[in-house]
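Naming convention: chains lettered A, B, ... in sequence-line order (proteins, then strands); numbering from 1 in each chain. For the numbers below, each heavy atom of this structure counts, side chains included, while hydrogens, waters and symmetry mates do not.
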2 protein chains.
Amino acid sequence: MSRFAMIAFDADDTLWHNERLYVAAQATFRDLLAHYHSPEWIDERLFQTEMRNLQHFGYGIKAFALSMIETAVELTEGRIGGNDIQTLIDAARTMLTADVELLDGVPETLDVLAGSYELMVITKGDLRDQEVKIERSGLARYFRHVEIVSDKHRANYETLLRRHAIAPEQFLMVGNSLRSDILPVLELGAHAVYIPHHLTWAHEAGTAPEAHPGYYELAHMGELPALLARLEG
Amino acid sequence: MSRFAMIAFDADDTLWHNERLYVAAQATFRDLLAHYHSPEWIDERLFQTEMRNLQHFGYGIKAFALSMIETAVELTEGRIGGNDIQTLIDAARTMLTADVELLDGVPETLDVLAGSYELMVITKGDLRDQEVKIERSGLARYFRHVEIVSDKHRANYETLLRRHAIAPEQFLMVGNSLRSDILPVLELGAHAVYIPHHLTWAHEAGTAPEAHPGYYELAHMGELPALLARLEG
């Protein structure tokens, strides 16, 4: 019998590329405001707006678009033009309709693991956007459950484990965000595999735990089956 | 033993007032554009934008805000000012932070029914916004399950019934939208109680079924216990 009753995966930048869509939109945003401010100040103010709006707007592309628009109005003291606003809305629509591009090794790894484990996705963001991406990814068949949550605090994981009747020690989470995928899961006494992605939003940063018994770091998704074999062995 | 394994409630304008927040924001929107166009044309164009954006933006306040902003840019041919854009974002923030005002008779009815039935909420819209409203409503304790979905088509209900292992004939849905709460549920062979709300978004309209065996219409939530007593009897 397996040691893990459920292996859960973050989606954005764990299964497929995502942050680069934000990076591209933010480059457009920076260009629009280049006559007004330095790139560094534009980035800083956008991040401040996002953090201020997080409690009301939540995560995801629509919240990001509203924060870009609001920051543009603030940074231009209301002089931003309607066509530039339209450019920002179009950038959001481009993000929402972008092709889903899987990270290397993802389908192969899921194909191996799905034979031995129950797999789940746990992702945050806009409900519809995440559903569409799971469908477009072609990965839906590997997952017994897809959970789209408004945030990934310890309490959100507790609720999910209770709902699926899984003990923390039988749960393993895989993701690229220390803040959202790793630290709250370890706090619960579950296991977490951190696979860093070269693009990660500043908000998702955290400090990797040192010598925590349930913590593992991998360079690549393709290394996951070997890690699991070792843990089971 | 009860005839119904689960009674599910829509949330917006079934448990608490919601559409009036949209009506108020739309009045602000109409005022901003009053120098450019007639109120009727402004309303029509906003509705068109919302329908066009629905597949990408989904339901909820953030999508509504983006559609208002986009329509304002279009209807002013880009001449909308940054301060007016800020007014629209502020209108969205006002909606997201509004007090939850329960409809008459809701807590009393839930209190009665929770003694005999498993109750569930099935609502669509922004994940975080709906979660916050359920928490603020003070009604969370009555519901065994809260399901926030991206849409309420027949397939969404099928997925929910399967997940909770409920046969359609043991399921009853209560709501104010013929399109979202009633018709897809009846199609599945389940039961549906339509409680019209005097404010309902045009998109949610539908034709009430005639003489459908699982269909009931009530004027008021307070009439629900008596209807259920009759159905059980």
What I'd like to find out is whether the side chain of R93(A) reaches to under 4.5 Å of the side chain of F57(B), using heavy atoms alone. yes
Chain A shares the most heavy-atom pairs under 4.5 Å, among N83(B), I69(B), D126(B), I80(B), with I69(B)
Residue among G78(B), A72(B), A65(B) with most heavy-atom pairs under 4.5 Å to chain A: G78(B)
Around atom CD of E169(A), are there more than 12 heavy atoms of other residues, nucleotides or ligands at under 6.0 Å? yes
Do you know which two heavy atoms are closest between H56(B) and L96(A), and how far apart they sit? O-CD1, 3.6 Å
When only pairs under 4.5 Å are counted, which of E74(B), R79(B), Q55(B), R163(B) shares the most heavy-atom pairs with chain A? Q55(B)
Do other residues, nucleotides or ligands put more than 12 heavy atoms under 6.0 Å from the CZ atom of R52(B)? yes
Atom group of D90(B) that falls short of 4.5 Å from chain A, counting heavy atoms: side chain
Members of residues 26-50 of chain B whose heavy atoms come closer than 4.5 Å to chain A: none
Is E70(B) in contact with chain A via its backbone, its side chain, both, or neither, using a 4.5 Å heavy-atom distance? both
So, the part of A63(A) with a heavy atom under 4.5 Å from chain B: the answer is both
Engaged part of D84(A) at the chain B interface, taking heavy atoms whose separation is under 4.5 Å: neither
Exactly one of E131(B), R128(B), Q130(B) clears side chain to side chain donor-acceptor pair (under 3.5 Å) with S150(A), and that residue is E131(B)
Mark yes or no for whether K62(A), through its side chain, and L66(B), through its backbone, hold a donor-acceptor pair below 3.5 Å. no
Side chain from CB out, backbone as N, CA, C, O: work out which of these in V149(A) comes under 4.5 Å of a heavy atom of chain B, or both, or neither. backbone
Using heavy-atom distances under 4.5 Å, tell me whether L88(A) contacts chain B through its side chain, its backbone, both, or neither. neither
